[in-house]
Undergrad: 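Please read through the structure below; I'll follow up with questions.
The figures that follow rest on heavy atoms only: side chains count, while hydrogens, waters and symmetry mates do not. Sequence lines set the chain letters: A, B, ... in the order given, protein chains first and strands last, and positions in each chain run from 1.
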There are 2 protein chains.
Amino acid sequence: MSPASRTVPSARPMRADARRNHDRILAAAAEAVAEQGAEASLEEIARRAGVGSATLHRHFPSRQRLLEAVFRDKVEALCATAAGLAGGPDPWHALATWLGAVAAHAVSNRGLAASLMRGAHDGDPALGATCHTMITNAGADLLDRARRAKAVRPDVPITDLLKLVNAICLAVEREPDAAAQADRLLTLALTGVRKAGS
Amino acid sequence: MSPASRTVPSARPMRADARRNHDRILAAAAEAVAEQGAEASLEEIARRAGVGSATLHRHFPSRQRLLEAVFRDKVEALCATAAGLAGGPDPWHALATWLGAVAAHAVSNRGLAASLMRGAHDGDPALGATCHTMITNAGADLLDRARRAKAVRPDVPITDLLKLVNAICLAVEREPDAAAQADRLLTLALTGVRKAGS
DNA sequence: ACTTAAATGGGGTGGCCCTCCGGTTATGGT
DNA sequence: ACCATAACCGGAGGGCCACCCCATTTAAGT
């Protein structure tokens, strides 16, 4: 659970001040991103955290890294939701509600969609389990079940589905009624995913 | 056709040097945006045009204004396409192919989707016929025909449709196979628009 | 307490957007 | 052909930002 042990438990534990700063930065970043979205100023985040900008850049070498850290908890929650829904009797319903939950999280946490979109492929490699891959894996399971139940087209990859969800959220992010719009557009798109027969 | 006469024909014609700079800026902007997307540096555009940054800002007070000018031709072409398709026998097909054309333009002209998304509502008002409204009007006609032919759900507004298209294009813009992905995702979303019955 | 390696942050560099203002130039009337 | 003038130009500068260097501070192990 601690930042030091979460990524590489074998690494030497962080120094106390380092960890403290790490956490303060993370808290400040969460706050700033919630207010201003994924493009929030890194310097202001450092300022809020009461930390030099160099310290922020040392702890998080790229904006993407910082966002991943900020949203890790939320993403883990979504993955847990997916696991919970996987046991349900209606695979289609499970998939649909989960995608709705992803959208809901994305619109209520500005910047999440952008963070989820940019996978490990662009930006820095050597980035272990990114939000992108975590979400993808969680969704793949739900989609697989729905596919086996013949509730979805067999040729739709989970990446496309998530790209659609994130695209929608990204697009409506700065509208006043983002949640309502995202829901409407997602429903629109989803009905096309469901087979005509079922 | 000339920049001076297109917007307000009654206005006094621009001075020769002003018009020359206007055109050079536009050309440089088109080039830069094609390479780097809608976020291209305005200063670099001015530099490419061999013009001071102040001149650029005088001709185009906001980035949005510049993008609108850059894409005006493309948007007009899309509107013309819509008008041409409106006469066809199959309203659904007309709508679908037009949306495909919009997507194709958006992925092959980086920044267009972003420009289309931001309507007149945000940013500066008093912006006459923006790309957003032009496209919306052109699409409304096609959608209306399709709706009258009962080929689409009656409750889907054209704004949602275009938002979906632009969202998709924006999301896949920086992927290597953007065109293919956009097409796939659009088809996915569109099939949900079409009524199950027809 | 003392040593040492890790961590810090002020300050510098270079880039961006945007505005002011003194100098320049095209233009229309004479 | 000339001039007065309004329109236009662009360098310089302010404010903000990401990112890096390095002298200084500080936690951790003995």
Undergrad: For Arg15(A) and dT8(C), give me the distance from atom CZ to atom C1', rounded to whole Å.
TA: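 Answer to the nearest Å: 8 Å.
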Undergrad: Roughly how many Å is it from CD in Glu39(A) to C1' in dC17(C), rounded to a whole number?
TA: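 Glu39(A) atom CD is separated from dC17(C) atom C1' by 16 Å.
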Undergrad: Taking any heavy-atom pair under 4.0 Å as a contact, classify Ala54(B): base, sugar-phosphate, or nothing.
TA: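 If one applies the 4.0 Å heavy-atom cut-off, Ala54(B) turns out to touch a base.
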Undergrad: Could you tell me the separation between the CZ atom of Phe60(A) and the P atom of dA7(C), rounded to a whole number of Å?
TA: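 These atoms are roughly 14 Å apart.
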Undergrad: For the residue pair Leu99(A) and Leu162(A), establish whether any side-chain heavy-atom pair is separated by less than 4.5 Å.
TA: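 SC-SC contact between Leu99(A) and Leu162(A) confirmed.
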Undergrad: Take the protein atom CE of Met14(A) and the nucleotide atom P of dA7(C), then report the distance between them rounded to whole Å.
TA: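 These atoms are roughly 7 Å apart.
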Undergrad: If you assign Ala18(A) and Arg58(B) each to the DNA chain C nucleotide with the nearest heavy atom, which residue ends up on the more 5' nucleotide?
TA: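 Result: Ala18(A).
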Undergrad: Taking only side-chain N and O atoms of Asn21(A), does any of them lie within less than 4.0 angstrom of OP1 or OP2 on dA7(C)?
TA: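 False: Asn21(A) side-chain N/O out of range (4.0 Å or more) of dA7(C) OP1/OP2.
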Undergrad: Assign the ring pair His59(A) / His22(A) to parallel, tilted or perpendicular, where the plane angle (0 to 90°) is split at 30° and 60°.
TA: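 The arrangement is perpendicular - the two ring planes meet at more than 60°.
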Undergrad: For Met134(A), run the side chain to side chain contact (heavy atoms under 4.5 Å, CB included) check against Leu116(A), Val75(A), Leu78(A) and tell me which one passes.
TA: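 Exactly one option meets the side chain to side chain contact (heavy atoms under 4.5 Å, CB included) with Met134(A), and it is Val75(A).
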Undergrad: Using a 4.0 Å heavy-atom cut-off across all strands, classify Arg63(B) as base, sugar-phosphate, or nothing.
TA: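 Contact class for Arg63(B): sugar-phosphate only.
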Undergrad: For the residue pair Arg110(B) and Glu173(B), establish whether any side-chain heavy-atom pair is separated by less than 4.5 Å.
TA: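 Of all side-chain heavy-atom pairs linking Glu173(B) with Arg110(B), at least one is under 4.5 Å.
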Undergrad: Which nucleotide in the set dA26(C), dA6(C), dT8(C) lies at the smallest distance from any side-chain heavy atom of His59(A)?
TA: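 When the side chain of His59(A) is considered, dT8(C) is the closest of dA26(C), dA6(C), dT8(C).
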Undergrad: Atom CG of Leu56(B) to atom P of dT19(C): distance rounded to whole Å?
TA: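 About 12 Å, once rounded to whole Å.
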Undergrad: First contact, last contact: which nucleotides of DNA chain D are these for chain A, 5' to 3', heavy-atom distance under 4.0 Å?
TA: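 Listed 5' to 3', the contact boundaries are dC17(D) to dA28(D).
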Undergrad: Using a strict 4.0 Å threshold on nitrogen-to-oxygen distance, state whether Arg48(A) and Glu44(A) make a salt bridge.
TA: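 The answer is yes: the pair qualifies as a salt bridge.
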Undergrad: Please compare Asp17(A) and Ala40(A) by the position of their nearest nucleotide in DNA chain D and report the one closer to 5'.
TA: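 Counting from the 5' end, the first nearest nucleotide belongs to Ala40(A).
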Undergrad: Determine whether Thr191(B) and Thr191(A) make a side-chain contact, defined as any pair of heavy atoms from C-beta on separated by less than 4.5 Å.
TA: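 No, their side chains stay 4.5 Å or more apart.
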Undergrad: Expressed as a whole number of angstroms, how long is the span from His57(A):NE2 to dT8(C):C1'?
TA: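 Checked: the NE2 to C1' distance equals 15 Å.
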Undergrad: Would you check if Thr97(A) and Thr81(A) make a side-chain contact, meaning some heavy-atom pair closer than 4.5 Å?
TA: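 Of all side-chain heavy-atom pairs linking Thr81(A) with Thr97(A), none is under 4.5 Å.
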Undergrad: Quick check: do Leu112(B) and Leu67(B) have side-chain heavy atoms less than 4.5 Å from each other?
TA: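 No. Closest side-chain heavy atoms not under 4.5 Å.
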Undergrad: Nearest-Å distance, CZ (Arg24(A)) to P (dA7(C))?
TA: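 About 17 Å, once rounded to whole Å.
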Undergrad: For Pro91(A), does its backbone N or O pair with a side-chain atom of Arg148(A) as donor and acceptor, under 3.5 Å?
TA: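 Checked: no pair found.
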Undergrad: Contact list please: residues 41-48 of chain B against DNA chain C, heavy atoms, distance less than 4.0 Å, in numerical order.
TA: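 Per residue number, the list reads Ser41(B), Leu42(B), Glu43(B), Arg47(B).
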